[in-house]
Structures are given as structure tokens and as C-alpha cells.
Amino acid sequence: MPDVPGESAVRLQHAFGEHRRDLHLHCYHLVGNVPDADDLVQETFLRAWRARDRFEGRASVRTWLYRIATNVFLDSRKAAANRAVPSGDLLEWSTEIGPYPDALLADDPQIGLPARETVELALIAALRFLPGRQRVAFVLRDVHGWTPPEVATALDTPVTTVNSLLQRARRTLRHHAPADPRDWRRPPLTRQDEEILRRYAAASDPRSLRALLAEDVRITMPPEPPVVGIDAAVAFLSRPLDWRTFPSSANGRPALICYLRGPGSPRYESLVVDVLRIEHGRIAESNAFVGAHHVAAFGMPATLEP
């Protein structure tokens, strides 16, 4: 952002540093992946910068920025107005969903605890079923804890309209999200989870893999079809491929950042982030997010030397 003198410029530069992380998380809730959230935040601050001299201060700078982000998101939805209504389990087929690195959720007084905790992948996927204005209203009210009048200000709409949007959003989410809102929050990452992740990263033979997986384990990896059941998962995971992996965490779950070197290739290429769901000491699900852009979200390079 250019360094232009003036009170409005200084105020906006300060707001950028103060609110970027919580705006980024807000945008992730709206779009469901880090690269698109990055673009949304960037466009938000570009619009704010162009309008900096018109900010009258009747609302807080934070509320003003959220309102701009809301408009940027809704404009992007208009451009995708002809997109088909989603159906089924989006984690199985949608390439629009991606992991959110826990490192980006480090303690920050500007990020409210409910928003920081409400990143469970099941909720992120369920939000894709909501039209744009319903999604914004729900995220601001039920994730960030804004009051209906505050949401109305962000959407530039009456409070009665906000309440109607919320009712419809909550009704839709009852069919797609976990019923208990406590299950929308990222689970606590335990030492057992970290140990299972370490063993999973090291396992390559069928016996070691079978000891880690639940009988009904599911591996999702859009755009490819899911792999379901322990026998199919063991066969899939024990293929003789040249991987390099790095432990991490995302959405409150253990995660594995994976690089693959193909036959004859001089280097390892970033390929996928696996986010694990562990239940009763076994891996019940692996959500594999394929694409170098997901790896880049963790601050990792595109390639690695052998």
C-alpha cells in the first residue's frame, strides 16, 4: 500500500495492520479457502484505499472494512450467479474448499474467540449451501457474534431483512452442518493426534497403515472420487511413490503437507495437504486438498530439492 501522507491514509494503514488477520478469517468463512480469502482481503483494502477520504467515521473502521469485504464477496457471487446449486457431500467433490492453517489462528486480540474456533471443516463445507447474503448474515451473526443491527449496517439492509436471512440460513444449515453448534468448533489437538500423525507420515507398508485406520475410513480428494473402507484405503496409501511430508495442523486437526517426486523428476513438487479426523485413536477420515496453492497457504515452497 503506498505511503501517502494525510490523516485518512495513516488511519487506514493502521487499520490494515490491526484488522487484516480477523478480516482474512472472515473472508475464509465466506469463500472456504485461503487463496480466495487472500484475494478478497486484497480487494477489500484496495477499495478502502480508494475511498479513504470519504470515510466519515460514523462507524468504526473495522465495521467499515467488514462492510467493504461483504460487498466484494457479494460482487464476486454475482459473477458466479449461474453456478449450479451444490448437492451431496462437498468434501467429496468440491475443489473450492481448502484448509485453514492453524498457524494463522495464533492468539490475536483482534480475532474473537468464537470466530477463531469456528473453523471445523464440516461447517466450512456446509456454508457453501447458503446464498451470498444468507452466508454473510450467518457468518457475521452466528460465527462472529455481531448483533442484528450491526449485521444490518454491514449489509445496508433493515434488521427485519437480516432476521429473515438468518432464519433461512439456519434452516438450510440444519440439513448440512453438525446439529450441535459446539461441533462447529475446531477440536482440541492432542498429543495422541500428533503421535498418530507422525506414525501416519512414516507408514508405507500395509500392516503399519492398517494399524492406524478405522474400518470405515474415508479419504476425500476432489476432483477424484473418494476412497472408502480400510482395504481400499490401505491399497491406495501403500502405493510405491516418492513422498516428502511435513507435519502441521489445520482447522484444529493434524495435517500433513505432502510433496511428490515423479519418476525422473529432479525435484519434489508440492501436491496436497491431508487433514485428518481422528476418532478413538484411529484415522476416521483424511480430507486431501489437492493443489500447490493449498501447500502455499502454509508458507511452504512450490518445490523441494532432493
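The residues of the chain are indexed from 1 along the displayed sequence.
- When all heavy atoms of A126 and A177 are compared, the closest pair comes out as CB-CB, 3.7 Å.
- A 4.5 Å side-chain heavy-atom check between L213 and L237 finds at least one atom pair inside the cut-off.
- L90 places a side-chain heavy atom less than 4.5 Å from the side chain of F129.
- The environment of R239 atom CZ is dense: over 12 non-hydrogen atoms of other residues, nucleotides or ligands sit within 6.0 angstrom.
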**Request:** Test L65 against F45 for side-chain contact (heavy atoms from CB on, under 4.5 Å), laying out the working first.
**Result:** CA-CA 8 Å; L65 291 173; F45 279 99; 4.0 Å; yes
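- P254 places none of its side-chain heavy atoms less than 4.5 Å from the side chain of I196.
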**Item:** side-chain contact (heavy atoms from CB on, under 4.5 Å) between V34 and H24, intermediate numbers included
**Value:** CA-CA 8 Å; V34 169; H24 189 265; 4.1 Å; yes
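- In this structure the side chain of L30 reaches within 4.5 angstrom of the side chain of H26, judged on heavy atoms.
- No continuous path of hydrophobic side-chain contacts links Y200 to L189 [ILVMFWY only; heavy atoms under 4.5 Å].
- Between A203 and L209, the closest heavy-atom pair is CB-CD2, 3.7 Å.
- Within the 3.5 Å criterion, the main-chain N or O of W146 finds a donor-acceptor partner in the side chain of R141.
- Looking at S238, its side chain does come within 3.5 Å of a backbone N or O of V234 through a donor-acceptor pair.
- Using bins of under 30°, 30° to 60° and over 60° for the plane-to-plane angle, the ring pair Y66/H144 lands in the perpendicular bin.
- Between the side chain of Q134 and the backbone N or O of P131 there is no donor-acceptor pair closer than 3.5 Å.
- V272 and W93 fall into different hydrophobic clusters, defined by Ile, Leu, Val, Met, Phe, Trp and Tyr side-chain heavy atoms under 4.5 Å apart, directly or through other members.
- T70 contributes atom OG1, which lies 11.0 Å from atom CG of D156 (distance to the nearest 0.5 angstrom).
- I283 and V273 fall into different hydrophobic clusters, defined by Ile, Leu, Val, Met, Phe, Trp and Tyr side-chain heavy atoms under 4.5 Å apart, directly or through other members.
- When side chains are defined from C-beta on, L271 does not count as touching C258, because their heavy atoms never get closer than 4.5 Å.
- Of the possible donor and acceptor atoms, one in the side chain of R282 sits under 3.5 Å from a partner among the backbone N and O of A211.
- Here the side chain of Y28 pairs a donor or acceptor atom with the backbone of G98 at under 3.5 angstrom.
- In terms of modelled atom types and a separation under 3.5 Å, the side chain of S249 and the main chain of G252 share no donor-acceptor contact.
- Between R47 and E43 there is a salt bridge, since a side-chain N of the basic residue sits under 4.0 Å from a carboxylate O of the acidic one.
- Rounding to the nearest 0.5 angstrom, the gap separating the CG atom in N287 from the OG1 atom in T220 is 4.0 Å.
- A distance of 8.5 Å separates OG of S248 from CG of L197, quoted to the nearest 0.5 Å.
- Between the S270 side chain and the V295 main chain, no donor and acceptor come within less than 3.5 Å of each other.
- Closest approach of R128 to G32, counting heavy atoms only: NH1-N, 3.7 Å.
- Neither side chain, T160 nor N163, offers a donor N or O lying under 3.5 Å from an acceptor on the other.
- Between R218 and D89 the shortest side-chain heavy-atom distance falls below 4.5 Å.
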**Message:** Run V151 and L165 through side-chain contact (heavy atoms from CB on, under 4.5 Å) and show every step you take.
**Reply:** CA-CA 11 Å; V151 178; L165 291 170; over 6 Å; no
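- Distance check, rounded to the nearest 0.5 Å: CG of D22 to CZ of R62 gives 5.0 Å.
- Of the charged side-chain nitrogens involved, at least one lies within less than 4.0 Å of a carboxylate oxygen, so that E120 and R253 count as a salt-bridged pair.
- Formation of a donor-acceptor pair under 3.5 Å by the D193 side chain with backbone atoms of T190 is found in this model.
- Linking Ile, Leu, Val, Met, Phe, Trp and Tyr residues whenever their side-chain heavy atoms come within less than 4.5 Å places L260 and M221 in a single cluster.
- Between L140 and E150 there is no side-chain heavy-atom pair separated by less than 4.5 Å.
- Closest non-hydrogen pair, R267 versus E305, comes out as NE-OE2, 3.7 Å.
- E195 and R198 are joined by a salt bridge, as a carboxylate oxygen and a charged side-chain nitrogen come within less than 4.0 angstrom of each other.
- Once rounded to the nearest 0.5 Å, the distance linking CG of D274 with CZ of F289 reads 9.5 Å.
- Side-chain atoms of R244 never come within 3.5 Å of backbone atoms of Y259 as a donor-acceptor pair (strictly under, hydrogens ignored).
- The main-chain N or O of P99 is never found under 3.5 Å from a side-chain atom of N251 such that the two would form a donor-acceptor pair.
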**Request:** Give the intermediate values and the outcome of side-chain contact (heavy atoms from CB on, under 4.5 Å) for residues E285 and L276.
**Result:** CA-CA 6 Å; E285 185 170 58; L276 307 182; over 6 Å; no
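- Side chains of F73 and T44 form no contact here, defined as non-hydrogen atoms less than 4.5 Å apart.
- Neither M300 nor W243 shares a network with the other; the hydrophobic side chains, linked directly or stepwise wherever heavy atoms of I, L, V, M, F, W or Y lie under 4.5 Å apart, form separate groups for each.
- Remark: L74 CG to S76 OG distance equals 7.5 Å, nearest 0.5 Å.
- Considering all non-hydrogen atoms of both residues, A137 and L166 come closest at O-CD2, 3.4 Å.
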